[in-house]
Amino acid sequence: MTFEVGEYLKRLKKTKQRMEKDGVDVLLVTDPANMNYLTGYDAWSFYVHQMLIVIIDKPQPIWIGRYMDANGAKRTTWMHDENIVSYPDYFVNSHQFHPMEYIAKLLTELKQEKRVIGVEMDQYYFSAKSYTTLLEHLPNGTFKDCTSLVNWVRIIKSDQEIEFMRRAGMLAEQAMQAGINAIHTGSRECDAAASIYYELIKGKEEFGGDYPSIVPMLPTGDKTSAPHLTWCDDHFEEGNAVIIELAGCYKRYHAPLARTVFLGNPTDRLKKLDEIVQEGIENVLQKVKPGIYLEELEEAWVESTRKYGIEKESRLGYSIGLNYPPDWGEHTASIRKNDRTVLEPNMTFHFIPGLWFDQDGIETSESFRVTEDGVELLTNFERGLIQKIPFHFPDDTKGIIS
């Protein structure tokens, strides 16, 4: 297992305390990150229905999933084998049967069918069909939206979690440098993406890397106006700006990092935007400390950039840590106006003051930990617009350049 049993028990206790506060007797956890957080379960099985059942007055949760995945649960979790239950394969991708029927039957057998049941309503892997099936087969239960209940338990990291994120930060640095090295006039976007992936997974001599929850983003040229574009097989050209956004991942813990590269001489506009962003980043990071509201970080950004006529519509950042595709964010606190979350030590955030306009954009980001008296960056990589001198390969040159 990734952590000692004692840490999982502490997490479960905190989860049950939140359940009690919210009046929830049974919590149905379908977010794979929350399942991992409470039990250690780690597999690429979230594409089919699976669930962790936390009953407030039972000592252990119950994992339930596809029959072929049960052995994976036995080998990656701290729970007793009798708390690992599987449904037959005829429930998978069936129009006649649904796994939530099986789960509803189990809850009834456990005499939980009339209790207050919390479900993660707004979660990627809990479908509308799942909810309506539970309602149909548990008509005497009282259902309550508990979408982020476990997520908020996760927001303050243990020291071991922080160490995992530091390792993820090292992988992010390594992959970022590989991506920058692979950007040349005439080389392909897909080759840069391949270089990034290789370094993310290869890792260090001391430890390897995990797959990140989001693929590397690599918008190029006028596509830098859109932050979430990936790569294609186009060739880089002189005069291209290239945004690289990626994350190192170690044992499912993430440290994202974004930088902007320019192939050739940057425009005066882009250089000025870069100066504005760097000034804003410094002002925000200097503000970070326990006891302040997250919205105060956004206020520091606005104070720094307003004089340049810059307005940023999107949030400045969000809580990060453990996750699975399709997102490395924790879906809790955000660095934005009106977020009154109070900063505490060992909270971790991806601070990404990206600016996107009609024809171009720029990104520089930092992942950070709130310390006892300030901030710790989880990556150590040169900040600011990165200029590359263009050169051309001979026509017969192929492959990844690093």
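Being a predicted model, the structure only gives us computed values, none of them experimental. FYI, the numbering just counts along the sequence from 1.
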If you take all heavy atoms of [X] and [Y], which pair is closest and at what distance?
X	Y	value
Trp356	Ile243	NE1-CD1, 4.4 Å
Leu134	Leu28	CD1-CD1, 3.9 Å
Ile53	Val26	CG2-CG1, 3.9 Å
Glu382	Arg259	O-NE, 2.8 Å
Leu218	Ala193	CD2-N, 4.4 Å
Ala192	Ile183	CB-CG1, 4.4 Å

Do [X] and [Y] have side chains that approach each other closer than 4.5 Å (heavy atoms only, starting at C-beta)?
X	Y	result
Asn34	Leu322	no
Gln123	Tyr125	yes
Ser158	Asn346	no
Leu52	Met79	yes
Met217	Leu229	no
Leu107	Leu138	yes
Thr2	Tyr8	yes
Asp25	Asp57	no

Would you call [X] and [Y] a salt bridge, using N to O less than 4.0 angstrom?
X	Y	value
Arg340	Glu295	yes
Glu376	Arg166	yes
Asp89	Arg66	yes
Glu366	Arg383	yes
Lys157	Glu330	yes
Lys129	Glu136	no

Say whether [X] and [Y], considering side chains only, have a donor N or O and an acceptor N or O under 3.5 Å apart.
X	Y	value
Tyr308	Ser304	no
Arg315	Ser334	yes
Ser130	Ser127	yes
Ser225	Gln359	no
Tyr324	Asp42	yes
Lys307	Thr305	no
Asn265	Gln387	yes
Tyr41	Arg75	no
Asn36	Arg252	no
His235	Ser187	no
Gln174	Lys202	no
Asn380	Glu173	no
Ser365	Glu245	no

Is [X] atom [atom1] crowded by more than 12 heavy atoms from other residues, nucleotides or ligands, each under 6.0 Å away?
X	atom1	answer
Lys144	NZ	yes
Asn140	CG	yes
Lys16	NZ	yes
Tyr67	OH	no
Glu311	CD	no
Glu282	CD	yes
Lys388	NZ	yes
Glu372	CD	no

Atom [atom1] of [X] and atom [atom2] of [Y]: how far apart are they, to the nearest 0.5 Å?
X	Y	atom1	atom2	value
Ser195	Asn181	OG	CG	8.0 Å
Lys111	Ile55	NZ	CD1	12.5 Å
Phe126	Glu120	CZ	CD	8.5 Å
Phe381	Ile386	CZ	CD1	5.0 Å

Could you tell me if Arg11 sits above the aromatic ring of Phe3, with its cationic atom closer than 6.0 Å to the ring centre and no more than 45 degrees from the axis? yes
Phe357 six-ring face occupied by Arg269 cation (under 6.0 Å, within 45°): yes
Stepwise side chain to side chain donor-acceptor pair (under 3.5 Å) check, Lys312 with Ser314: CA-CA 6 Å; Lys312 179 173 167 57; Ser314 58; 2.8 Å; yes
Checking Lys271 against Asp274 for the salt bridge (Lys or Arg N to Asp or Glu O under 4.0 Å) test, could you report, in this order, the C-alpha distance in whole Å, the side-chain angles of both residues, the deciding distance, and whether it holds? CA-CA 5 Å; Lys271 288 189 286 187; Asp274 178 56; over 6 Å; no
Measure from the ring center of Tyr102 to the ring center of His49 and say whether it is less than 6.0 Å. no
Val288 pairs by side-chain contact (heavy atoms from CB on, under 4.5 Å) with which of Leu294, Leu343, Thr371? Leu343
In terms of the angle between their ring planes, are Tyr318 and His350 parallel, tilted or perpendicular, with boundaries placed at 30° and 60°? perpendicular
Step by step, would you call Ser45 with Gln50 a side chain to side chain donor-acceptor pair (under 3.5 Å)? CA-CA 8 Å; Ser45 58; Gln50 57 186 20; 2.6 Å; yes
Test side-chain contact (heavy atoms from CB on, under 4.5 Å) applied to Val242 and Thr260, step by step: CA-CA 6 Å; Val242 184; Thr260 302; over 6 Å; no
